[in-house]
Amino acid sequence: MRIGVPKEIKTNENRIALVPAGAEALIAEGHEVFIQKGAGLGSGFPDALYKAVGAKILPNADRVWAKAEMIMKVKEPIKPEWPKIREGQVLFTYFHYAADRALTIALKKTKSVSIAYETVELPTGELPLLTPMSEVAGRMATQEGAKYLEKYFGGRGVLLGGVPGVPPAEVLVLGGGIVGTHAAKMACGLGAHVTIMDTNLHRLRDLSDFMPANCDVIYSNRQNILDRLPLVDILIGGVLLPGAKAPYLVTKKDLKIMQPGSVIVEVSEDQCGCVETTKPTTHENPIYPVDGVIHYGVANMPGAVPRTSTLALTNATLPYAIQLANKGWKQACIDDPALALGVNIVDGKIVYPAVAEAFKMKWEDLDPHLQ
């Protein structure tokens, strides 16, 4: 198979979908790998490293898209990339379709095959290709929240861990999954007082067993959230419904009971987030105020630490990419039901229910498309 890796063109996105070791592994399986010139520089991987393992460097994105049977990316194709997509071409990347109607319509029109990292799902419910970036984003959420809590950025001027004689910051984490757990671990480690909320009692019991003493584990409901909002210095939104929009747990009117200069960090912004007033921002302009509360909504947070993120992402995606390349996407999905759940759009048809539901569009079963 011919596998293409174009340079990411989303604002301040420095990751690349394949490290040189991943390219080497695919080439060893008999496949051709085409890398756009300079695509790996943002993550610290120069063209020479790809050439050394046998990958071919192409001068521009058009050449890569034209050559490849399968495109590997990090972020969803954005508008300038849509005309480059061919019918039947396999795209293996993060899509987050449920948050973007225009993207969904555009990719349906291409009649390509969209396999979304974020909806590949194991029988245990684990999302193996979302996990590494959720780990990075969760840890970054605490880091960014602490930074924007500083007075210079309009924050309350509270040190996360406090000092002897002065209480630490109050951090509320909505969602006890991968993002929430890693955000809470970082905040606890820096000495903050942390509250994690979730609706899954089994998860809450697990968190209660291994989180440190400065972390409270509380069932998530409307009243419990409202009780804590007036105390919060940093609120971290880490709620995820696979392939679907996150529900709003904090509304605009709720901001009026939060402290001026408190900070909201929304990690799930690429799926609309769980706070009504958040919107996607960029690393260049990451924050904005609403009713005196600082909002941080960068939708590609791991892009700020591309070396770590690229290595972590390739560790997870490469085994699936090898399956797709070796067997073709249909047989790979027949053999691996987890990978089949990653297929969102095929031949202009939506085959992932949550995406169809998000826009009240027609859904079709994937099985006939695998014949």
Side-chain angles (χ1 to χ4, degrees), residues 5-17 36-46 60-61 73-82 93-96 99-103 106 117-118 130 132-157 160 179 182-183 186 234-238 246 255 261-313:
V5 183
K7 180 178 173 62
E8 299 293 325
I9 59 173
K10 193 166 187 172
T11 304
N12 283 21
E13 181 52 73
N14 292 299
R15 290 173 288 180
I16 184 171
Q36 183 180 344
K37 183 179 180 181
L41 291 177
S43 298
F45 299 110
N60 55 54
K73 283 177 49 55
V74 177
K75 295 301 291 180
E76 73 282 354
I78 62 176
K79 195 170 184 178
E81 296 172 305
W82 297 347
T93 186
Y94 289 116
F95 282 101
H96 298 291
D100 195 332
R101 184 183 183 91
L103 175 69
Y117 293 160
E118 72 273 9
L130 191 60
M133 294 303 93
S134 296
E135 291 168 339
V136 172
R139 292 175 179 233
M140 282 192 67
T142 296
Q143 182 174 298
E144 298 301 307
K147 178 168 72 178
Y148 291 108
L149 196 56
E150 295 174 15
K151 193 66 176 177
Y152 176 80
F153 298 105
R156 294 192 67 224
L160 203 62
V179 165
H182 282 263
M186 291 292 285
I234 300 174
L235 185 154
I236 296 173
L255 300 188
S262 55
V263 178
I264 294 173
V265 178
E266 180 53 79
V267 181
S268 304
E269 191 52 55
D270 47 12
Q271 298 217 169
C272 293
C274 64
V275 179
E276 184 180 13
T277 47
T278 58
K279 62 183 180 183
T281 61
T282 66
H283 290 291
E284 288 178 327
N285 296 292
I287 61 171
Y288 60 93
V290 178
D291 294 339
V293 177
I294 305 299
H295 289 55
Y296 176 99
V298 175
N300 62 326
M301 290 175 65
V305 287
R307 180 79 178 188
T308 297
S309 298
T310 292
L311 288 165
L313 181 61

Sub-4.5 Å side-chain heavy-atom contact between [X] and [Y]:
X	Y	answer
Lys75	Arg15	yes
Val263	Leu149	yes
Lys73	Tyr94	no
Phe45	Thr310	yes
Ile78	Glu13	no
Glu144	Val298	no
Asp100	Phe95	no

Testing the basics here: between [X] and [Y], what is the closest heavy-atom pair and its distance to 0.1 Å?
X	Y	result
Ala141	Ile236	CB-CG2, 3.9 Å
Ala312	Pro132	O-CB, 3.7 Å
Gly303	Asn14	O-ND2, 4.0 Å
Pro46	Leu41	CA-CD2, 3.7 Å
Pro306	Gly42	CG-O, 3.3 Å
Ser262	Val293	O-CG1, 3.5 Å

Say you draw a straight line from [atom1] of [X] to [atom2] of [Y]; how long is it, rounded to the nearest 0.5 Å?
X	Y	atom1	atom2	result
Glu118	Thr93	CD	OG1	8.0 Å
Asp291	Thr277	CG	OG1	8.0 Å
Lys7	Ile16	NZ	CD1	8.5 Å
Ile294	Arg156	CD1	CZ	12.0 Å
Glu135	Ser309	CD	OG	11.0 Å
Met301	Arg139	CE	CZ	13.0 Å

Taking [Y]'s backbone N and O only, do any of them form a donor-acceptor pair with [X]'s side chain (distance below 3.5 Å, no angle check)?
X	Y	value
Thr281	Gly297	yes
Tyr117	Leu313	no
His283	Asn300	yes
Thr278	Val275	yes

Counterpart residues, side-chain contact (heavy atoms from CB on, under 4.5 Å), relative to Ala106 (two or more places apart):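 Counting only residues at least two positions away or on another chain, Ala106 forms a side-chain contact (heavy atoms from CB on, under 4.5 Å) with Trp82.
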
Any residue meeting side-chain contact (heavy atoms from CB on, under 4.5 Å) with Ala146, in chain and number order, not counting sequence neighbours: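 With neighbours one apart ignored, the set is Leu160.
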
Basic-acidic side-chain contact under 4.0 Å: Lys10, Glu76: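 Looking at Glu76 together with Lys10, the answer is yes, because their closest N to O distance falls below 4.0 Å.
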
Return the orientation label for the Tyr296 and Tyr148 ring planes: parallel under 30°, perpendicular over 60°, tilted otherwise.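 Answer is tilted, since the angle falls between 30° and 60°.
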
Does the side chain to side chain contact (heavy atoms under 4.5 Å, CB included) test come out yes or no for Met140 and Thr308, once each step is laid out? CA-CA 12 Å; Met140 282 192 67; Thr308 297; over 6 Å; no

